[in-house]
Number of protein chains: 2
Amino acid sequence: MVEPLDPEMFDPVCPSSALPVQIGDKWTAMVVLCLEAGPRRFTELKTPLRGVTPKVLTQTLRAMERDGLVTRTAYDENPPRVEYELTPLGRSLLDLVAAARAWSREHLPALLEARAAHDSSPHASRLKRSPDSRA
Amino acid sequence: MVEPLDPEMFDPVCPSSALPVQIGDKWTAMVVLCLEAGPRRFTELKTPLRGVTPKVLTQTLRAMERDGLVTRTAYDENPPRVEYELTPLGRSLLDLVAAARAWSREHLPALLEARAAHDSSPHASRLKRSPDSRA
DNA sequence: CCGTATCCCCCGCGATACTG
DNA sequence: CAGTATCGCGGGGGATACGG
């Protein structure tokens with residue numbers, strides 16, 4: 001058994017909407033991260049992915065299963081238990097997700113700053129005078 | 001002056017729709033790639049980005065400008081000339097784009113194969129029998 | 001050449017409610 | 001617990017046409 005997921009592993013304040021990198025669908029990258037340490041149950045995934053509805057999480061997981069990124073294992077028990085686990089192919093995305101997060105950590109502030117500056121000022125478009133042939 | 005862009009630098013056959021990585025908007029990553037070697041004009045960008053309408057390309061470039069990824073320089077000439085160029089921040093995306101392309105080269109075939117296999121067969125969901133306590 | 005201006009469609013995503 | 005069923009919207013993206 002692995003450690004429980006941190007319910008706050010995804011900062012809701014973080015403007016990931018501004019993040020110019022997306023892996024698969026909206027929640028795919030986060031699911032990959034949640035599954036990094038080992039298999040997880042449906043409800044277990046829902047916790048850190050605050051706000052995701054069961055419908056959408058199911059859609060995401062089904063799509064990932066279809067693409068060979070995760071396996072779905074249903075245990076014949078009561079109450080029902082279903083576990084999702086990254087395949088090797090799914091694990092191969094971890095590097096990419098890490099790279100995206102590294103970029104964000106390093107450059108997202110600058111991007112956000114540029115955006116704020118641009119929004120709060122009359123966009124001074126650059127104009128270059130072409131080389132004038134006259135003296 | 002830099003070399004002209006290869007009109008076929010983006011393979012239309014490549015199912016990039018299946019590619020689970022997206023940088024910014026739909027065309028952002030491709031624009032970044034087009035600007036790698038140096039400044040480019042609007043029409044110059046449109047060529048390899050086959051199918052993009054001027055409206056959408058403008059939207060993309062404006063968004064990138066807002067985020068500090070590109071600079072737009074208009075030359076006071078006739079006919080008009082406008083050049084777009086990557087900022088250092090925009091250049092910082094090159095690594096990420098390269099990483100995404102590397103992942104695709106290495107793993108996209110497997111993903112596509114998994115998808116095809118899944119689509120053309122009754123999805124045999126895994127079922128594990130729970131440890132039976134009876135003898 | 002370098003864009004704008006409209007119109008419109010699709011669908012990803014969410015809200016809400018219900019079931020084996 | 002682990003989903004399914006419905007409904008609906010918002011907006012990214014494309015088609016088409018026009019302007020400085």
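Lettering follows sequence order; numbering is per chain, from 1. Fair warning: this is a prediction, and the values are worked out from it, not measured in the lab.
- Bounding nucleotides for the chain A contact on DNA chain D, 5' to 3', at a heavy-atom distance below 4.0 Å, are D:dC1 to D:dC7.
- Counting heavy atoms from C-beta outward, A:Thr71 and A:Glu65 have side chains that stay 4.5 Å or more apart.
- The shortest distance between side-chain heavy atoms of B:Leu57 and B:Val31 falls below 4.5 Å.
- Within the 4.5 Å cutoff, no side-chain heavy atoms of A:Val21 are placed close to those of B:Gln22.
- Residues A:Tyr84 and A:Cys34 are not in side-chain contact: their nearest non-hydrogen atoms beyond the backbone lie 4.5 Å or more apart.
- Direction of the helix axis in the helix from C:dC1-D:dG20 to C:dG20-D:dC1 shifts by 50° between the two five-pair termini, rounded to 10°.
- Side-chain contact between B:Asp76 and A:Lys128 is absent, with no heavy-atom pair separated by less than 4.5 Å.
- Side-chain atoms of B:Glu85 and B:Thr73, non-hydrogen and from C-beta on, never get closer than 4.5 Å to each other.
- For B:Asn78, the side chain to side chain contact (heavy atoms under 4.5 Å, CB included) test picks out no residue, with sequence neighbours left out.
- Listed by chain and residue number, nothing satisfies the ring pair (Phe, Tyr, Trp, His ring centres under 6.0 Å) test with A:Trp27 (two or more places apart in sequence, or in another chain).
- Applying the side chain to side chain contact (heavy atoms under 4.5 Å, CB included) criterion to A:Lys55, with sequence neighbours excluded, gives A:Thr53, A:Gln59.
- Every residue meeting the side chain to side chain contact (heavy atoms under 4.5 Å, CB included) condition with A:Arg66, not counting sequence neighbours, appears here in chain and number order: B:Arg115, B:His118, B:Asp119.
- Protein chain A contacts DNA chain C over a range whose 5' and 3' limits, counting nucleotides with an atom under 4.0 angstrom from a non-hydrogen atom, are C:dC13 to C:dG20.
- If A:Lys26 and B:Pro79 are placed on DNA chain C by their nearest nucleotide, the residue sitting closer to the 5' end is B:Pro79.
- A heavy atom closer than 4.0 Å to some atom of DNA chain D occurs in A:Pro54, A:Lys55, A:Thr58, A:Arg62, these being the qualifying members of residues 49-64 of chain A.
- B:Pro48 and B:Met9 get closest at one heavy-atom pair: CB-CG, 3.7 Å.
- A search for side chain to side chain contact (heavy atoms under 4.5 Å, CB included) contacts involving B:Arg41 returns B:Glu44, B:Arg81, B:Glu83, not counting sequence neighbours.
- Among the heavy atoms of the strands lying under 4.0 Å from B:Asp25 are primed sugar atoms or P, OP1, OP2 only; no base atom is included.
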Under 3.5 Å, side-chain donor or acceptor atoms of residues 93-111 of chain B against the rest of the protein: list the pairs with distances, not counting sequence neighbours.
residue	atom	partner	partner atom	Å
B:Trp103	NE1	A:Ser92	O	3.4
B:Trp103	NE1	A:Ser92	OG	2.9
B:Ser104	OG	B:Ala100	O	3.1

